[in-house]
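The structure appears below as structure tokens.
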Amino acid sequence: MATVFELADVRSLILDILSRRNRFDSKQLEEIEEQLERAGPGTSPEIFLVKGGYISDQEIANLYAEELFLPLVLNITLAGPPDSELAILLPEKLCVDKLICPMAVRDEVLDVAFVSPEEMGVVDELELLTGLRINPMIAPLTLVQARIDALYRADQQSKAIGEGGEFAGIEEDRNDQDEENILNLDAQPTPDANGRMVRMVNQILEQALRNGASDIHLEPFEDGCKFRLRIDGVLHELSPPSKSLFIMIISRLKILAKMDIAEKRVPQDGAIALRTGEKRIDLRVNTVPTVYGEKMVLRILDKGAIPLNLTGLGLDERQSNDLIESIHAPHGLALVTGPTGSGKSTTLYACLNLLNESTVNICTVEDPVEYKFKGMNQVMVKAQVGLNFASALRAFLRQDPDIIMVGEVRDGETAEICLRAALTGHFVLSTIHTNDALSAVTRLGDMGIEPFLLGSTLRVLEAQRLLRKLCPHCKEAYEVDEQLAELHGLKKGEVLYRPKGCLQCRRMGYRGRVGVFEIIRITPKLTQLIQKRVALDQLRKAAREEGMKMLCDSALDKVRQGITSLEVALSVTMAEEE
């Protein structure tokens, strides 16, 4: 079959088949070829022949199936009812452009119907895109078109990456003067070899966007390579291409990210701007040299994914009120804590969006600036020229700021400037790496900050984690047994939910993530305890007595609400209670 594709393109193949079977005489074939040439190189010969009334689409499907010994689907009855869950496996645009459609999934094999055998050259790309083995089939044009309509008219998930709400506080750059530097995923690549590489890279990006991935990992190894997507905090492996194709894909992405493709000895940073539909998405790109070649990670920065309000983060009513009232204080310090990838930046941006008004001067220093806001003065750290968090903060204090956001408190110098700014009439927001909210007090003490300064300036401490959400389509209920209930403070017979797995969640049982929070508003009682240098467990006890929830309490609330499973909640919050 490969030999046929190498020796003849699909136009000569279909006409050759028709000629050998005496379907047309030589004069008719010459006329058809001339008309096809006039129609242009992008014209599908199958569509041309069917619309011209030369032959039916069923006859074409029969001929291809007989010549290439491929399974044939001739009617809707044999195809079976369309399953809307199949629509999430392949993008609508790809199906329409290539005249293909997914038919069924069975034992990790995806049946795909093709109108033209030429398009079977994308089988490797489809396997990379879906993570499933592709079983190609031949079907008539009308059947494939009807199937596409049935699948994607009911399920518009593939269009969702081009829709969604806008984040009003973020600059969308809709009137980009440098539009040619934005990669348009909806543009049709050229049909040559370069076009195939462009299409493969575009499909990797579309797959990541459609599945809500936060990162794309492209990793070389001695005997091959790996493609992985981080979806809901967990890495999922895709079917990888050959090592030679991997190198070409890395080169293509480096060109898009404006990196030096000849430099492979040192790490590089770059950025790619995408447009799909009316939506713009930015990618932060980083490469690092490994013993087997360059590893690349692309971080997806979706501006529309940031919630417009704090309730969209997953805070309950008490936590939301405490946080909103605290950040509206005229001066003071708010700290967001948590490990890398726990959503700290998203929380800070949501807070800044609430505070962003024309009557206040907001200055931020970030490393790097991930999202651009209208009405804010944002500075990116440049260590090579001496612009770090501390030096930027000193400069801000001469810029008459009302609100200052610092990307991270990394050292004692930055911490001291933050606290002194909070003491002198500014409101400061920042992040710090600790296991829970009140541990930030201990961490700042280790940096040399005096307890009287902390007690006077701290307004709110916040800790957070991201929990995987159960798939709403397949989660199943169960009753907690006595032993489990006693172990985790639940009621015997309480109904909880656990994962099962379906096509909607790619058999994982989880889809999306939700935040769990620990909001510690610094009350007069907590201020006194901080100034007295009491132990951390006493601070936690006092916070609980004032009705504040710890991380484990918030996580168990999400379990009882059926949002996540007990196993996920315990895996994230158990360590904090030990």
Side-chain angles (χ1 to χ4, degrees), residues 80-92 101-112 126-135 150-152 154-158 160-161 203-204 206-217 226-240 300 305 314 341 465-481 484 488 490 494-516 555-556 558-574:
D83 184 349
S84 61
E85 292 187 346
L86 290 171
I88 67 173
L89 296 176
L90 296 178
E92 180 185 2
C101 64
M103 304 297 288
V105 176
R106 46 185 178 76
D107 300 327
E108 302 301 316
V109 176
L110 175 62
D111 293 332
V112 178
L126 298 181
E127 290 183 344
L128 175 66
L129 194 63
T130 62
L132 302 170
R133 190 162 60 84
I134 302 300
N135 177 42
L151 283 175
Y152 295 99
D155 190 305
Q156 296 296 323
Q157 288 188 22
S158 62
I161 57 173
Q203 287 175 3
I204 292 169
E206 287 174 354
Q207 169 82 333
L209 295 177
R210 191 169 62 256
N211 286 281
S214 59
D215 302 89
I216 305 171
H217 292 246
K226 276 188 179 180
F227 277 23
R228 297 191 287 177
L229 302 180
R230 187 174 294 280
I231 303 171
D232 301 334
V234 178
L235 284 170
H236 298 270
E237 191 168 349
L238 303 178
S239 299
I300 299 172
R465 300 290 187 275
L466 291 176
L467 301 182
R468 290 192 291 165
K469 294 167 65 178
L470 286 165
C471 175
H473 300 281
C474 64
K475 66 180 181 180
E476 59 181 12
Y478 70 100
E479 291 186 1
V480 180
D481 59 42
L484 197 63
H488 300 296
L490 301 167
E494 190 171 352
V495 176
L496 303 181
Y497 291 85
R498 58 191 171 200
K500 184 179 180 183
C502 65
L503 273 180
Q504 293 281 351
C505 59
R506 298 179 63 86
R507 310 288 183 191
M508 297 304 297
Y510 297 93
R511 188 174 180 183
R513 289 191 290 180
V514 64
V516 288
L556 284 177
K558 295 291 190 291
V559 173
R560 291 188 177 99
Q561 293 164 17
I563 296 173
T564 190
S565 67
L566 182 61
E567 292 76 16
V568 167
L570 293 177
S571 68
V572 171
T573 62
M574 184 184 293

Checklist entry - Between Val514 and Lys558, is any pair of side-chain heavy atoms under 4.5 Å apart? => result yes
Checklist outcome for this item: Rounding to 0.5 Å, atoms CD (Glu479) and CG (Leu490) come to a distance of 13.0 Å
Checklist entry - Where is the tightest heavy-atom contact between Ala555 and Val516, given as atom of each residue plus distance? => result CA-CG1, 3.9 Å
Item to check | Min side-chain heavy-atom separation Ile300-Ser214 under 4.5 Å | outcome: no
Next on the checklist: Quick one: does any side-chain atom of Thr564 pair with a main-chain N or O of Arg468 as donor and acceptor, under 3.5 Å?
Outcome noted: yes
Checklist outcome for this item: Minimal heavy-atom distance between Cys474 and Gly501, with the atoms involved, is SG-N, 3.2 Å
Item to check | Pair Ser565-Tyr510, side-chain donor/acceptor within less than 3.5 Å | outcome: yes
Next on the checklist: Less than 4.5 Å apart, side chain to side chain, heavy atoms only: is that true for Ile563 and Leu470?
Outcome noted: no
Next on the checklist: For the CD1 atom of Ile216 and the CG atom of Leu209, what is their distance to the nearest 0.5 Å?
Outcome noted: 7.0 Å
Checklist outcome for this item: Output for pair (Met508 CE, Cys471 SG), nearest 0.5 Å, gives 11.5 Å
Item to check | Stepwise side chain to side chain contact (heavy atoms under 4.5 Å, CB included) check, Leu566 with Val480 | outcome: CA-CA 10 Å; Leu566 182 61; Val480 180; 6.0 Å; no
Checklist entry - Is the closest side-chain heavy-atom distance between Val109 and Leu132 below 4.5 Å? => result no
Checklist outcome for this item: Minimal heavy-atom distance between Ala213 and Leu229, with the atoms involved, is CB-CB, 4.1 Å
Checklist entry - Leu466: what forms a side-chain contact (heavy atoms from CB on, under 4.5 Å) with it, not counting sequence neighbours? => result Arg513
Item to check | Set of residues satisfying salt bridge (charged side-chain N to carboxylate O under 4.0 Å, His left out) with respect to Asp232, sequence neighbours excluded | outcome: none
Item to check | Closest contact, heavy atoms only, Cys505 versus Gly509 | outcome: SG-N, 3.2 Å
Checklist entry - Is any side-chain heavy atom of Arg133 less than 4.5 Å from a side-chain heavy atom of Leu110? => result no
Item to check | Contacts of type side-chain hydrogen bond (donor to acceptor under 3.5 Å, both in side chains), residue Glu476, not counting sequence neighbours | outcome: Arg498
Item to check | Partners passing salt bridge (charged side-chain N to carboxylate O under 4.0 Å, His left out) against Arg560 (at least two apart in sequence or in another chain) | outcome: Glu494, Asp557
Item to check | Point-to-point distance, once rounded to the nearest 0.5 Å, from NZ of Lys475 to CG of Leu496 | outcome: 11.0 Å
Next on the checklist: More than 12 heavy atoms of other residues, nucleotides or ligands under 6.0 Å from OH of Tyr497: yes or no?
Outcome noted: no
Next on the checklist: Once side-chain contact (heavy atoms from CB on, under 4.5 Å) is applied, do any residues pair with Leu235, and if so which ones, sequence neighbours excluded?
Outcome noted: His217, Arg228, Arg230
Checklist entry - Mind checking what makes side-chain hydrogen bond (donor to acceptor under 3.5 Å, both in side chains) contact with Asn135, not counting sequence neighbours? => result Asp111
